[in-house]
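Down below is the structure, laid out as structure tokens.
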Amino acid sequence: MSALPRHLPQAFFARDALEVARDLIGTLLVRDDVVLRLTEVEAYREGDSANHCRAGKTARNAPMWGPPGHAYLYLCYGLHHLLNLVTDRDGVGAAVLVRSAEIVAGHDTVLARRRAVPGPAALRPALLTGPGKVAQALGLDLAWNDHPLYRRGGLELRARRPGDEPALATGPRVGIDYADPADRVAPWRIADRDSRWVSVRKALVG
DNA sequence: AGAGTGATGTTCT
DNA sequence: GAACATCACTCTA
């Protein structure tokens, strides 16, 4: 396998979640032999009624209030671990949820973790479109909370590959019917317009 | 392809 | 006790 692009520095994450979300499409999540290219994310910002931090700091959302560039994981519906990347400055509760990705390397490991039957038929978007699937493919659980992504080791985030300048599509975030109307329709879901490895493709524009 | 539904456990009212 | 940033499976067309 060819050399990976550079790590993104902590300063990359120390901005508004929406800005970070746009820049995350096309970047690489790396763990052991698995390399995933991000194709779909959602921003959860300060003052956002869909944000886990809307009611203040709790034991669950504590990592979101911490320094940028760390992981925030939580258990959704009692079954699925969801991976977020903490954004904005220390003391602000904001993050970007990773919704979908495509496989760059480590196909066999991903298939095994996803409990898919090995073979060409398994390598289709349904394998990795959805936040629970991405975390499962990376082998992540709550033990990865607070893990820094801007340093070598464990779970890492690296820059886009040379020449990868994805066109973006946007749409409303998924599964936040409880939020205020304005936040519910805000186009804070960002995707790679030209990738098939994106969930709920229908609601996207651009 | 689209709608319906059960699984499963933590968090918050 | 209800809600929940979901998934995989089953119908019906």
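We name chains A, B, ... by the order of the sequence lines, and we start the count at 1 in each one.
Tested against A:Ser195, the residues A:Glu40, A:Glu102, A:Arg37 include a single side-chain hydrogen bond (donor to acceptor under 3.5 Å, both in side chains) partner, A:Glu102. Evaluated for a side-chain hydrogen bond (donor to acceptor under 3.5 Å, both in side chains) with A:Arg15, the options A:Asp23, A:Asp88, A:Thr87 yield exactly one hit, A:Asp23.
Note that A:Arg173 lies in the cation-pi zone of A:Tyr44, set by a 6.0 Å cut-off to the ring centre and a 45° limit from the axis.
The environment of A:Arg196 atom CZ is sparse: at most 12 non-hydrogen atoms of other residues, nucleotides or ligands sit within 6.0 angstrom.
Clustering ILVMFWY residues whenever any of their side-chain heavy atoms sit less than 4.5 angstrom apart, transitively, puts A:Val98 in a cluster other than the one holding A:Leu28. When the side chains of ILVMFWY residues are joined at heavy-atom separations under 4.5 Å, either directly or via intervening members, A:Val35 and A:Leu149 end up in two distinct hydrophobic clusters.
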- request: Any chance you could list the contact pattern along nucleotides 8-13 of chain B? Use B for base contacts, S for sugar-phosphate-only contacts and - for none, protein heavy atoms under 4.0 Å, 5' to 3'.
  value: BB-SS-
- request: At under 4.0 Å between heavy atoms, which parts of nucleotides 8-13 of chain C does protein reach? Answer with one letter per nucleotide, 5' to 3': B base, S sugar-phosphate only, - none.
  value: S-----
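One interatomic measurement links the two molecules: CZ of A:Arg99 to C1' of C:dC7, which rounds to 12 Å at whole-angstrom precision. As a whole-Å value, the separation of A:His80 NE2 from C:dA5 P is 13 Å.
With ring centers used as reference points, A:Tyr74 lies under 6.0 Å from A:His52.
Below 30°, between 30° and 60°, or above 60°: for A:Tyr150 and A:Phe13 the angle between ring planes is between 30° and 60°, a tilted geometry.
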message: Using side-chain hydrogen bond (donor to acceptor under 3.5 Å, both in side chains), reason through A:Arg99 and A:Ser199 one step at a time and then give a plain yes or no.
response: CA-CA 8 Å; A:Arg99 283 197 63 87; A:Ser199 72; 3.2 Å; yes
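Looking at A:Asp32 and A:Arg113, a side-chain N of the basic residue comes within less than 4.0 Å of a carboxylate O on the acidic one, giving a salt bridge.
Contacts between residues 166-193 of chain A and DNA chain B, defined by a heavy-atom separation below 4.0 Å, involve no residue at all.
Under the Watson-Crick and G-U wobble criteria, each requiring two contacts below 3.5 Å, nucleotide B:dT11 is paired to C:dA2.
Here A:Leu82 lies in heavy-atom contact (under 4.0 Å) with sugar-phosphate atoms only.
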